Amino acid sequence: MQIKFGENIKDFSDSVSVLEAIKAFDRDVLKKTIAAKVNGEEVDLSKKLDETDEVLSIEPIVTDTRDGLEVLRHSTAHLLAAAVLDMFPGTQLGVGPALMEDPRYGFYYDVIAPRQLTEADLPVIEKKMKEMAKRNLVYRRDEIAKSDVLEIFKERNELLKCELIDEKVETENASIYYIDGSPFIDFCLGPHVGHTGKLKAFKLLALSGAYWKGDAENQQMQRIYGTAFATQEELDAWLKQREEAEKRDHRRLGKELDLFSIQDDYGQGFIFWHPKGGAIRTDMENYLREELQKRGYGMVFTPHIAKRQLWQTSGHEQNYADSLFEPMGMPEKFGEDTEFRLKPMNCPFHIGIYKSHPRSYRELPLRYAELGTVYRAELSGTLHGLLRVRGFTQDDAHIFCTPEQVTGEVGDCVDFAYDVFKTFGFEKFKVELSVRGGADNKGYLGSDADWENAEQALVLALNKREIAYERIEGEAAFYGPKIDIKVEDSIGRLWQLSTVQFDFNLPERFELEFIGDDGQKHRPIMVHRALFGSVERFFGVLIEHYAGAFPFWLAPVQVVVLPITDRINEYAQKIGNELKNSGFRVEINLKSDKIGAKIRDAQLQKVPFMLVLGDKELEENKIAVREKVKGDIGQMTLEEFKVMAQKLKETRALTNG
């Protein structure tokens with residue numbers, strides 16, 4: 001049997017475990033390895049490799065990678081469940097995944113315990129987890145007949161697991177995991193760490209309500225949240241970051257600064273933009289429109305619903321069903337049986353514009369951009385302020401180009417994303433190349449050759465710009481690979497925002513064509529591109545990045561005029577109106593409060609500039625300027641201030657000088 005590890009290949013005469021194979025190649029790498037991929041399939045280190053004529057390729061999953069962190073967190077979720085079962089016999093288990101895109105948590109487990117759990121139980125459960133971790137309890141995988149797995153969970157009265165197995169397992173066998181020396185058994189694909197001693201840094205964080213499968217018609221459960229890292233140092237740094245993040249929570253700041261609201265009477269997951277938030281959104285969108293025009297995009301506008309058949313043709317109904325709202329029909333009195341769906345994405349609509357008349361290679365690339373509102377059927381338990389909603393506006397664009405043009409177009413999209421982020425004050429980025437899942441590519445449309453060519457085009461665009469990236473298997477869109485760009489905010493958190501996606505499937509499904517220079521019909525390539533990701537999510541990230549203290553050009557109130565006494569009110573109104581007429585966002589505080597209270601209120605509202613007006617300013621026809629961070633910066637004429645403020649606005653400066 002031949003095994004490949006990196007660039008090396010060795011012969012093995014007998015069956016070996018993955019651990020033994022890695023050990024034979026590199027003992028140092030083994031020390032950091034907690035699982036592995038064999039020919040693209042994620043497996044435990046204990047997995048036996050049977051003799052075969054095929055060359056087996058092993059890739060280690062190490063602790064300091066995204067895949068490694070996911071294994072750690074998933075294994076810690078199982079340890080949590082084991083501790084709960086040990087402390088509360090008779091507990092029924094739901095699901096317990098790792099969370100890789102949620103900045104608040106790292107994993108959770110849903111349980112129905114014999115009694116209601118409280119926050120006071122969390123440190124006790126965590127203590128039990130640490131005791132079990134020290135015992136080096138082995139994670140053991142077993143693959144047996146589906147009927148036997150069902151019998152095991154029936155005997156344990158874990159009927160929820162039985163329901164899950166019936167739904168998920170389509171083969172004769174199913175895999176289950178034990179944590180030896182504990183009461184834990186779970187239906188799971190894995191992989192997991194070899195033993196609990198590998199879990200050295202974890203913390204339970206919160207307790208909330210949940211429903212089985214997220215359906216309010218099902219059993220109510222309790223969700224225990226936690227997180228885990230490879231080292232205690234990483235966990236401590238994250239906890240410190242989390243403490244700072246709570247001070248910046250966009251939901252709290254959104255209310256305090258009167259930026260937006262979510263009103264349950266109108267529906268969860270739908271955003272109401274208040275005038276101050278709307279002012280920032282307008283500036284965000286205006287900037288984007290300016291850049292789109294410079295870069296050769298045409299702005300389009302499309303409907304919010306379309307015939308159900310459209311989503312069947314696109315593949316969304318088959319591959320994206322869980323995120324679609326239910327179909328809707330016309331009133332019966334109309335006698336029409338056509339069904340419609342709210343749009344979850346804009347791409348089929350842009351395809352409709354492309355198909356509206358014949359296209360020539362001379363027209364390509366065609367770049368369509370839209371600030372289009374879409375709707376996703378997100379579970380109520382997953383909603384989170386502006387960051388996860390049911391209705392949101394994508395700064396969406398679709399580029400139709402020839403195969404020869406695609407690498408250049410993808411590269412331009414990446415450049416565009418970097419320029420946008422820097423304009424809004426982000427300087428550090430992480431890039432991920434999301435591809436198919438390797439061993440199991442069910443659910444992905446298109447041929448292997450198409451996927452390989454698409455991936456190569458994205459790689460070329462990144463390499464040309466010398467952009468480092470991490471290759472993520474199993475995270476591609478169902479229609480093609482993609483580049484995801486994450487930004488690091490002011491306290492070091494990563495946020496997924498921009499995406500650039502290669503699509504060879506929708507042009508095929510919708511039979512898109514252009515006439516080439518040879519006079520023949522050809523299929524274009526389609527590139528999906530979003531920079532903000534969504535306007536709502538980007539705004540939420542901006543609020544937390546700046547802790548609500550926006551740069552002058554974005555601030556919802558840029559200047560507040562503060563008369564010291566009532567007799568200065570007329571002068572204050574004159575100054576304020578002149579600034580408003582010059583295009584600045586201004587408030588005039590004519591309350592009878594003392595000037596100290598007025599300044600304090602302006603500071604709490606994070607207004608960049610305060611113009612303090614007293615008798616001296618009135619007599620000299622000047623203003624006393626106070627900056628939110630620096631404090632008093634001296635007297636000046638209104639014209640001098642307007643010149644300074646206009647420069648900050650026009651240059652989109654991130655600081656006030």
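Everything numeric in this text was worked out from a predicted model, so none of it was measured.
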[X] (side chain) donor-acceptor with [Y] (main chain) under 3.5 angstrom:
X: D395; Y: F532; answer: yes
X: E488; Y: E427; answer: no
X: R509; Y: T313; answer: yes
X: E370; Y: D396; answer: no
X: Q293; Y: E290; answer: no
X: Y297; Y: R289; answer: no
X: R585; Y: Q558; answer: no
X: K343; Y: F349; answer: no
X: Q241; Y: I491; answer: yes
X: H545; Y: G425; answer: yes

Q. When the ring planes of Y546 and F550 are compared, do they come out parallel, tilted or perpendicular, using 30° and 60° as the limits?
A. tilted
Let me confirm one number: the [atom1]-[atom2] distance from [X] to [Y], rounded to the nearest 0.5 Å.
X: T63; Y: E234; atom1: OG1; atom2: CD; result: 7.5 Å
X: L69; Y: H74; atom1: CG; atom2: NE2; result: 13.0 Å
X: L364; Y: I525; atom1: CG; atom2: CD1; result: 11.0 Å
X: Y108; Y: R73; atom1: OH; atom2: CZ; result: 14.0 Å
X: I22; Y: E59; atom1: CD1; atom2: CD; result: 10.0 Å
X: K486; Y: R493; atom1: NZ; atom2: CZ; result: 14.0 Å

Check the surroundings of atom [atom1] in [X]: do more than 12 heavy atoms from other residues, nucleotides or ligands lie under 6.0 Å from it?
X: K428; atom1: NZ; value: no
X: Q309; atom1: CD; value: no
X: K355; atom1: NZ; value: yes
X: E511; atom1: CD; value: no
X: D322; atom1: CG; value: no

For residues [X] and [Y], is any side-chain donor paired with an opposing acceptor at under 3.5 Å?
X: E404; Y: T402; value: yes
X: K464; Y: T407; value: no
X: D489; Y: W495; value: yes
X: S490; Y: R248; value: yes
X: E650; Y: Q646; value: yes
X: H384; Y: R104; value: yes

Quick check: closest heavy atoms across [X] and [Y], and the distance to 0.1 Å?
X: F5; Y: P60; answer: CE1-CD, 3.7 Å
X: E473; Y: R471; answer: OE2-NH1, 3.1 Å
X: I485; Y: Q496; answer: O-NE2, 3.9 Å
X: Y320; Y: M345; answer: CZ-CE, 3.6 Å
X: H528; Y: L506; answer: CE1-CD1, 3.9 Å
X: I262; Y: G267; answer: CG2-O, 4.5 Å

Mind checking whether [X] and [Y] have ring centres under 6.0 Å apart?
X: Y287; Y: F424; result: yes
X: Y375; Y: F325; result: no
X: Y368; Y: F400; result: yes

Q | R281/T393 under side-chain hydrogen bond (donor to acceptor under 3.5 Å, both in side chains): CA gap, chis, key distance, verdict | A | CA-CA 11 Å; R281 175 171 176 161; T393 301; 3.1 Å; yes
Do [X] and [Y] have side chains that get closer than 4.5 Å, going by heavy atoms?
X: K422; Y: F429; result: yes
X: N453; Y: F504; result: no
X: F416; Y: L292; result: yes
X: F421; Y: F538; result: yes
X: F426; Y: L542; result: yes
X: S323; Y: P344; result: no
X: D412; Y: R295; result: no
X: L324; Y: R341; result: yes

For the pair [X] and [Y], find out whether any cationic side-chain nitrogen is under 4.0 Å from an anionic carboxylate oxygen.
X: R308; Y: E326; result: no
X: D419; Y: K294; result: no
X: R537; Y: E101; result: no
X: K430; Y: E432; result: yes
X: R529; Y: E409; result: no
X: E455; Y: R436; result: no
X: R388; Y: E378; result: yes

Q.
Does the Lys NZ or Arg CZ of R376 fall within the cation-pi geometry relative to F392 - under 6.0 Å from the ring centre and within 45° of the axis?
A. no
Q) What's the verdict on side-chain contact (heavy atoms from CB on, under 4.5 Å) for H304 and T373, showing C-alpha distance, side-chain angles and the deciding distance? A) CA-CA 7 Å; H304 289 230; T373 301; 3.7 Å; yes
Q: Please report the C-alpha distance between R66 and I472 in whole Å, then the side-chain angles of each, then the deciding distance to 0.1 Å, and finally whether the side-chain contact (heavy atoms from CB on, under 4.5 Å) criterion is met.
A: CA-CA 8 Å; R66 184 185 188 278; I472 308 294; 3.6 Å; yes
Q: Would you mind telling me which of L253, I280, L386 makes a side chain to side chain contact (heavy atoms under 4.5 Å, CB included) with L259?
A: I280
Q: Show the numbers, then the answer: is there a side-chain contact (heavy atoms from CB on, under 4.5 Å) between F539 and W273?
A: CA-CA 11 Å; F539 184 44; W273 293 77; 3.3 Å; yes
(Q) Run K37 and D67 through side-chain contact (heavy atoms from CB on, under 4.5 Å) and show every step you take. (A) CA-CA 10 Å; K37 295 178 184 179; D67 287 343; 2.9 Å; yes
